Amino acid sequence: MSEPTYVVALDQGTTSSRSIVFDNDQQVVGVAQREFTQFFPQEGWVEHDPREIWATQYGTMNEAVAASGIDPARIAAIGITNQRETTIIWDRATGEPIYDAIVWQCRRTAPIVDELTRRPGMTDHIKAATGLLPDAYFSATKIRWILDHVEGAQQRAEAGELAFGTVDSWLVWNLTGGAVHVTDVTNASRTMLYDIHKLDWDEEILRALDIPRAILPEVRSNSEVYGYANFMGRKIPVAGMAGDQQAALFGQGCFAVGDAKSTYGTGCFLLMNTGDRVVESQNGLLSTIASQVGGKTSYALEGSVFVGGSVVQWLRDGLGIISSSAESGKRAASVPDTGGVYLVPAFTGLGAPWWDMYARGTIVGITRGTTADHIIRAADEAIAYQVADLVDAMEKDTGTQLTALRVDGGATRDAFLMQFQSDILGKRVLRPRILETTALGAAYLAGFATGVWGSLDEISQMWSLGKEFGPAMDPAEADRLTSGWHRAVERSRGWATA
């Protein structure tokens, strides 16, 4: 029997950096995770320290490999998955960031978006070329903001002295000692600068935002050797890379047209594979690149919810009404319903299908009898309502009714949430044996490039069910609750401009 080989997946998320060591049978043999600092300089602004991102990610990689007890010589590759859209610009000579990372949740660039969309034809061009809707969510206007607010940055960018990257680019740059400045097609497709049809940066949008092409990374496929990391005295290929949601789609084995998954992390993200066809949404979803593997580009429809599991983090850290995230499901189940309370967690605006940069969080239906448990349950239910809105929009766009939804991410450990999700959808919810499919997808991509796994069929057949949740609620009751949710959403919209 041959010795196992291993792949290290770097899973750089919005609130933590994690590293997981998988063997070639997809068993987890080592894991480490560290939270890092969230900065909120002003209302609606969110920043990270790029140095802390790198330090925590590299630290967990060392810790996970050490915890696994494996021989580093058996590591075949490193794969990367990352929080998307978050924007970093650094000095090519020193590797030092010129400003903190502006996080995907940050709303500061809404005025830049407003100015951009006032230009005749620009909204239509952005949607047609990138598959996205103009929004502060994406990287493009974050780049413009940094170049505007750091002295001399525009001139240095034009001179080729600066490098822009999403978090994947930043990690590869540091892993390779500054030798490689690349991104992959999935992360590029989330910048609002990349033409997903031509597979190239879009000159018209670059001109409109006065972003020099010289700062942009080279765009590569999701599964190939980008460069080599010097790790524990060995050169290990960095060979797989994808934005977190596309990595989860890959990790769930959603390779066929119509396959869909929903990830419950800081936000919630529903993706459906649309094959080699770009489906233009009429219901507030985005068209994006699912993967580019073996010379084949696949596309997806995506619905993005900005605040998913992070509403539970807010209950813990902001309100202090729970002591741990694991407590939320138990407290939610301790009351029969919310007592008519709805919580709309539009803390940084609303994503799909509403796309309201000026929406803000709202709690409605409070009475004298409302307790902390009612609010906790309303927060948990809000996650499920938001995903249900995405499923509804996706079914309208594709004309295809989902029979079941594959789910993943940390919040899927909450059995109350998963059952309520099934009830509101009226569909089966399938939770896999391995919940961390985002990291698993990164491992698959890296392992596929280096021969650990030989085919997509082999990878697809490795998926296994952990638990199935089936609908138990009367459909009329589900409709009544959903109608109340939509009334609450309307009360949150446009609040920041009211």
Side-chain angles (χ1 to χ4, degrees), residues 9-13 48 50 53-54 57 77-90 92 95 97 101-104 129-132 137-143 146 157 160 162-203 205-206 209 211-229 237-247 249-250 286 288-293 297-300 302 438 441-442 445-446 449:
L10 308 186
D11 184 0
Q12 205 299 302
H48 295 154
I53 288 175
W54 166 241
Q57 191 63 75
I78 296 168
I80 295 172
T81 184
N82 56 283
Q83 54 166 314
R84 302 174 304 172
E85 297 94 20
T86 295
T87 298
I88 305 170
I89 298 179
W90 64 93
R92 288 185 184 274
I102 301 182
V103 180
W104 58 274
T130 70
L132 309 177
Y137 174 27
F138 305 110
S139 310
T141 57
K142 302 180 195 300
I143 297 171
I146 294 174
L162 302 180
F164 151 73
T166 42
V167 172
D168 58 309
S169 298
W170 175 242
L171 293 180
V172 173
W173 175 277
N174 282 284
L175 283 167
T176 62
V180 178
H181 182 213
V182 299
T183 189
D184 73 89
V185 289
T186 65
N187 277 295
S189 75
R190 309 297 298 185
T191 60
M192 208 176 81
L193 294 172
Y194 191 71
D195 188 318
I196 62 174
H197 309 274
K198 297 178 181 177
L199 301 179
D200 194 9
W201 301 110
D202 186 272
E203 289 292 347
I205 304 172
L206 290 173
L209 288 168
I211 294 174
R213 194 175 178 119
I215 71 171
L216 302 178
E218 179 187 357
V219 183
R220 306 276 286 272
S221 76
N222 296 106
S223 185
E224 62 175 283
V225 175
Y226 312 107
Y228 293 85
V238 182
M241 196 156 61
D244 50 10
Q245 303 315 315
Q246 286 92 339
L249 191 72
F250 202 87
L286 306 174
T288 195
I289 296 177
S291 65
Q292 188 180 82
V293 176
T297 302
S298 297
Y299 295 90
E302 175 173 336
T438 301
L445 289 165

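Numbers here are sequence positions counted from 1. All of these numbers come straight from a predicted model, not from anything done at the bench.
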Which heavy atom of [X] sits nearest to which heavy atom of [Y], and what is that distance?
X      : Y      : answer
Leu162 : Ala157 : CD1-N, 3.9 Å
Ala290 : Ala300 : CB-CB, 3.9 Å
Tyr194 : Ala188 : CB-O, 3.1 Å
Ala242 : Asn82  : O-OD1, 3.4 Å
Ile215 : His181 : O-CE1, 3.3 Å
His197 : Ala129 : CD2-O, 3.7 Å

Nearest 0.5 Å, what's the [atom1]-[atom2] distance between [X] and [Y]?
X      : Y      : atom1 : atom2 : result
Phe250 : Thr438 : CZ    : OG1   : 13.5 Å
Ser139 : Trp104 : OG    : CH2   : 12.5 Å
Ile143 : Thr191 : CD1   : OG1   : 6.5 Å
Thr183 : Leu216 : OG1   : CG    : 10.0 Å
Leu249 : Ser298 : CG    : OG    : 9.0 Å

Using a 3.5 Å distance criterion without hydrogens, assess whether the side chain of [X] forms a donor-acceptor pair with backbone atoms of [Y].
X      : Y      : answer
Thr130 : Leu132 : yes
Gln246 : Ile289 : yes
His48  : Thr86  : no
Trp170 : Ile88  : no
Gln57  : Trp54  : no
Thr81  : Asp11  : no
Tyr226 : Arg220 : no

Is there side-chain contact between [X] and [Y], with heavy atoms separated by less than 4.5 Å?
X      : Y      : answer
Leu206 : Trp201 : yes
Pro217 : Trp173 : no
Asp195 : Asp200 : no
Thr297 : Val185 : no
Leu445 : Met241 : no
Val172 : Ile80  : yes

Glu302/Arg84 ion pair, N-O < 4.0 Å: yes
Salt bridge flag under 4.0 Å for residues Lys142 and Glu85: no
Polar contact flag, side-chain donor to acceptor under 3.5 angstrom, Thr288-Ser189: yes
Arg190-Gln245 side chain donor-acceptor pair, cut-off 3.5 Å: no
Inter- and intrachain pairs under salt bridge (charged side-chain N to carboxylate O under 4.0 Å, His left out), touching residues 165-181, at least two apart: none
Intermediate values then yes/no, side chain to side chain contact (heavy atoms under 4.5 Å, CB included), Ile146 and Thr87: CA-CA 9 Å; Ile146 294 174; Thr87 298; 4.3 Å; yes
From CA spacing to verdict: side chain to side chain contact (heavy atoms under 4.5 Å, CB included), Ser291, Tyr299: CA-CA 7 Å; Ser291 65; Tyr299 295 90; over 6 Å; no
Residue list, side-chain hydrogen bond (donor to acceptor under 3.5 Å, both in side chains) with Asp184, at least two apart or on another chain: Thr186, Asn187, Asn222
